[in-house]
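Input: a single structure, listed below in structure tokens.
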Amino acid sequence: MSSVKRIQFTATISAPASEVWRHITYLESYKRWASAFAEGCYFEGSWEAGSRMLFLAPGGDGMVSEIAANQKNEFVSIRHIGFKSNGLEDTSSEAIRSWMPAYENYTLLPLQGGTKMVVDLDVTSDFEEDMNQAWPKALNLLKKLCESTNA
């Protein structure tokens with residue numbers, strides 16, 4: 001049984017929350033900042049609350065998720081409920097049940113002249129180091145993207 005731990009990352013972005021939100025949820029922008037996790041990452045689905053979402057690497061493997069909550073320009077909660085591998089989705093094996101659901105929450109807080117983005121992420125010990133490496137890079141890419149389009 002994998003134990004799940006919540007970790008947090010933050011970034012201060014010199015752009016309004018609406019601009020940050022747009023870059024989080026727009027596929028072409030998402031691909032750019034999510035490249036910190038794997039070049040060519042993408043999503044399939046809708047960011048609407050209750051919607052099913054797949055977060056995938058170029059080969060088509062990745063997370064099976066659903067949008068638990070969505071408050072436009074303020075907060076989105078992604079509930080990871082399984083894994084897709086070799087074209088098959090697993091949402092019920094013992095390996096998956098040991099950590100599901102795992103949440104990935106993005107909170108956008110207005111600041112004078114910008115937005116503070118807070119990422120709260122549930123991880124198992126086998127993914128914690130990878131996330132500690134990738135998330136700061138992803139947030140830096142997102143920050144550059146938002147600030148370049150906001151100039």
Side-chain angles (χ1 to χ4, degrees), residues 1-15 17 20-27 29-111 114-146:
M1 178 111 171
S2 303
S3 64
V4 177
K5 169 182 176 179
R6 180 153 290 186
I7 57 177
Q8 185 176 85
F9 305 93
T10 62
T12 300
I13 301 171
S14 298
V20 178
W21 184 267
R22 186 172 70 82
H23 286 297
I24 291 169
T25 61
Y26 178 62
L27 180 59
S29 297
Y30 175 88
K31 288 178 181 178
R32 290 175 63 186
W33 66 266
S35 67
F37 301 100
E39 197 62 47
C41 282
Y42 63 102
F43 65 79
E44 290 179 358
S46 165
W47 289 92
E48 294 301 312
S51 294
R52 187 173 183 283
M53 195 67 134
L54 297 173
F55 294 93
L56 303 168
D61 291 353
M63 301 303 296
V64 177
S65 310
E66 55 193 25
I67 303 302
N70 177 325
Q71 296 164 275
K72 188 173 183 181
N73 301 331
E74 294 176 16
F75 177 76
V76 67
S77 178
I78 303 162
R79 182 186 303 118
H80 298 298
I81 57 170
F83 196 74
K84 182 175 179 181
S85 181
N86 299 318
L88 300 175
E89 292 183 14
D90 177 4
T91 57
S92 61
S93 71
E94 189 160 332
I96 297 297
R97 286 195 321 266
S98 72
W99 59 259
M100 75 172 268
Y103 287 86
E104 185 172 329
N105 297 330
Y106 306 158
T107 305
L108 303 179
L109 303 168
L111 296 173
T115 305
K116 179 178 183 180
M117 181 168 170
V118 180
V119 177
D120 290 297
L121 182 67
D122 294 338
V123 295
T124 56
S125 56
D126 43 339
F127 285 103
E128 184 177 3
E129 188 175 327
D130 289 343
M131 293 298 105
N132 282 330
Q133 296 286 320
W135 263 109
K137 292 175 187 167
L139 286 172
N140 191 45
L141 289 168
L142 180 62
K143 176 181 170 73
K144 287 179 180 172
L145 203 53
C146 294

Report yes if the side chains of [X] and [Y] come closer than 4.5 Å at any heavy-atom pair, otherwise no.
{"X": "Ile24", "Y": "Leu108", "answer": "yes"}
{"X": "Ile78", "Y": "Ile67", "answer": "yes"}
{"X": "Phe37", "Y": "Met131", "answer": "yes"}
{"X": "Tyr103", "Y": "Val4", "answer": "no"}
{"X": "Leu141", "Y": "Arg32", "answer": "no"}
{"X": "Trp21", "Y": "Val76", "answer": "yes"}

Measure across [X] and [Y] and return the closest heavy-atom pair with its distance rounded to 0.1 Å.
{"X": "Met100", "Y": "Thr91", "answer": "SD-O, 3.4 Å"}
{"X": "Cys146", "Y": "Ile13", "answer": "CB-CG2, 3.6 Å"}
{"X": "Phe83", "Y": "Gly62", "answer": "CD1-O, 3.1 Å"}
{"X": "Asp90", "Y": "Ser93", "answer": "OD2-OG, 2.6 Å"}
{"X": "Leu139", "Y": "Ala11", "answer": "CB-CB, 4.0 Å"}
{"X": "Ala36", "Y": "Ala138", "answer": "CB-N, 3.4 Å"}

Euclidean distance, [Y] [atom2] relative to [X] [atom1], rounded to 0.5 Å:
{"X": "Lys116", "Y": "Thr107", "atom1": "NZ", "atom2": "OG1", "answer": "10.0 Å"}
{"X": "Glu44", "Y": "Ser65", "atom1": "CD", "atom2": "OG", "answer": "12.0 Å"}
{"X": "Asn140", "Y": "Leu145", "atom1": "CG", "atom2": "CG", "answer": "11.0 Å"}
{"X": "Ile7", "Y": "Asn132", "atom1": "CD1", "atom2": "CG", "answer": "4.5 Å"}
{"X": "Met117", "Y": "Leu109", "atom1": "CE", "atom2": "CG", "answer": "10.5 Å"}
{"X": "Met63", "Y": "Ile81", "atom1": "CE", "atom2": "CD1", "answer": "9.5 Å"}

- Query: Is the backbone of Thr25 close enough, under 3.5 Å, to the side chain of Trp47 for a donor and an acceptor to pair up by distance?
  - Reply: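 Between the backbone of Thr25 and the side chain of Trp47 there is a qualifying donor-acceptor contact (under 3.5 Å).
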| Any donor-acceptor pair under 3.5 Å from Thr115 side chain to Ala15 backbone | yes
request  = Name the orientation class of the two ring planes belonging to Tyr106 and Trp33 (parallel below 30°, tilted from 30 to 60°, perpendicular beyond 60°).
outcome  = perpendicular
(message) Parallel, tilted or perpendicular: which one describes the rings of Phe55 and Tyr30, with boundaries at 30° and 60°?
(response) tilted
Would you please test Val119 and Asn105 for side chain to side chain contact (heavy atoms under 4.5 Å, CB included) and show each step?
CA-CA 6 Å; Val119 177; Asn105 297 330; over 6 Å; no
Would you call Arg6 and Asp122 a salt bridge, using N to O less than 4.0 angstrom? yes
(Q) If the threshold is 4.0 Å, N to carboxylate O, is there a salt bridge linking Glu89 and Arg52? (A)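 Judged by the 4.0 Å cut-off on N to carboxylate O distance, Glu89 and Arg52 do form a salt bridge.
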Practice prompt. Can you establish whether the number of heavy atoms outside Arg79 located under 6.0 Å from its atom CZ is more than 12?
Written response: yes
